[in-house]
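Okay, structure first, notes after.
All values derive from a computational prediction rather than experimental measurement. Every chain is numbered from 1 and lettered A, B, ... according to where its sequence line falls, protein lines coming before strand lines.
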There are 2 protein chains.
Amino acid sequence: MTYLFEISYSGVNYSGFQIQPNAKTIAGELMRASKLLFGADCKVQGCSRTDAGVHAKQFFCSVHLPDDANKVPVDRIPAAINCLLPYDIAVKTAKLAPDGYNPRFETVCKEYSYVIYNRAEKNPFFHKLKLPYPYHLDEKMLDSQAKDFIGEHDFTSFMAVGSDVSTTVRTVYDAGVVRDGDDVIYSVTADGFLYNMVRIMVGTLLYISEGKIEAGAIPKIIEAKDRSAAGFTVPPDGLYLTKAVLK
Amino acid sequence: MTYLFEISYSGVNYSGFQIQPNAKTIAGELMRASKLLFGADCKVQGCSRTDAGVHAKQFFCSVHLPDDANKVPVDRIPAAINCLLPYDIAVKTAKLAPDGYNPRFETVCKEYSYVIYNRAEKNPFFHKLKLPYPYHLDEKMLDSQAKDFIGEHDFTSFMAVGSDVSTTVRTVYDAGVVRDGDDVIYSVTADGFLYNMVRIMVGTLLYISEGKIEAGAIPKIIEAKDRSAAGFTVPPDGLYLTKAVLK
């Protein structure tokens, strides 16, 4: 039996989604709660591998159960499993999926958003949920810079050095920066993301804002295929997977 | 030299304000950062003793330094010490205070607010910042109930059993419940608070909402001077010291 869960979570207290020995992970908590609910060990597969400290507002994962697992009416699963999960992980919907369904290979595109808290004063209540950045940000200028990410490109310059992938080409369908009060939010939609890609994009935009990289340089940085041409890697604090579109 | 700091903090990662051996506390972090800034050990005294997990939007503390401490212009202290403090503790203002100034004995009244996240769906991003409560709450009814706390009363029924205090009489100047979107907020202003007083008040209001205690019973519960007459003690998650008024 395979279920597809739509979930959301705060990454603050976790070492990422993916199961790891000796570390608290989202998948590990889902397996623990599933065992209580279904009386059986399960396998969990996510639509993405979010890093330690990264959050998700919409994330899909499949839960594979053996045939002798407890039968639970599928519409009752979210309420039941939410009681067994910690409060920082929520199952929003559950439905039956074809046997062996792996959302990672069914995801057409994903949207990530990175939230910068852009105020001079510290706000203790956004700790690890937004990146504090006290200096002036011109969201209109940054938005026009971000548009240069759009298109099919080799994003080697925006990948953590040493990542092992078969191809570094990705298609960015949309990218932009908006302001919402004190929050400056970078959002990017693509068919896939390289390791640390969004965090290096944001670090590059901040370097442009600070004059450490010149405005208009993003096409040249992409062209360079060299990590050192781009900006720094911002911390995971402000990063959210906000949308995953399945086939 | 004595400074008065106005601070705010998230209590999520701390065992309360008050210094404790072998526990991470707000006062401990302030002492650590002060030692880096002033090059000397200091003593820290708070206007209140918030418990583990309790937050403060406005809190005053005095910082007592020896005469040979580094001299730092007082208007520069907040920016300087904020860089040395973790992000979940913020110094908003600093000023010179009379030698030996202890804000605990200078506080005329304090306001606490308790934030209930009143929605059926879990929201992982308010973890430990609001109390999740999925059932219906009638804020107007609760507001009218809360008015019965106002006045000078013996609040023994609203004090954790075993607390050691010289008097259990406190004057509540104002108390009420409002709704702000999905948040239902109980606020109470008093000259002082007994141990767990606000959390037992909120637990009593929730019991009234659930019909476990009858509406209109608060005067009788106060009269009983018996902890078991009141409701349960809600967790610290939603509790904020929101205002402290100094002489």
Does any backbone or side-chain atom of B:Pro78 lie under 4.5 Å from a heavy atom of chain A? Answer side chain, backbone, both or neither. neither

Do you know which of B:Asn123, B:Asn13, B:Val91, B:Val12 has the most heavy-atom pairs with chain A at a distance under 4.5 angstrom? B:Asn123

Among A:Tyr101, A:Phe60, A:Phe38, ring pair (Phe, Tyr, Trp, His ring centres under 6.0 Å) partner for A:Tyr3: A:Phe38

Whether A:Asp237 and A:Lys128 form a salt bridge (side-chain N of Lys/Arg under 4.0 Å from carboxylate O of Asp/Glu) is what I want to check. no

Check this for me: does any side-chain nitrogen of one of A:Lys110 and A:Asp191 sit under 4.0 Å from a carboxylate oxygen of the other? no

How many angstroms lie between atom SG of B:Cys47 and atom CD of B:Gln58, to the nearest 0.5 angstrom? 8.0 Å

Using heavy-atom distances under 4.5 Å, tell me whether A:Ile89 contacts chain B through its side chain, its backbone, both, or neither. backbone

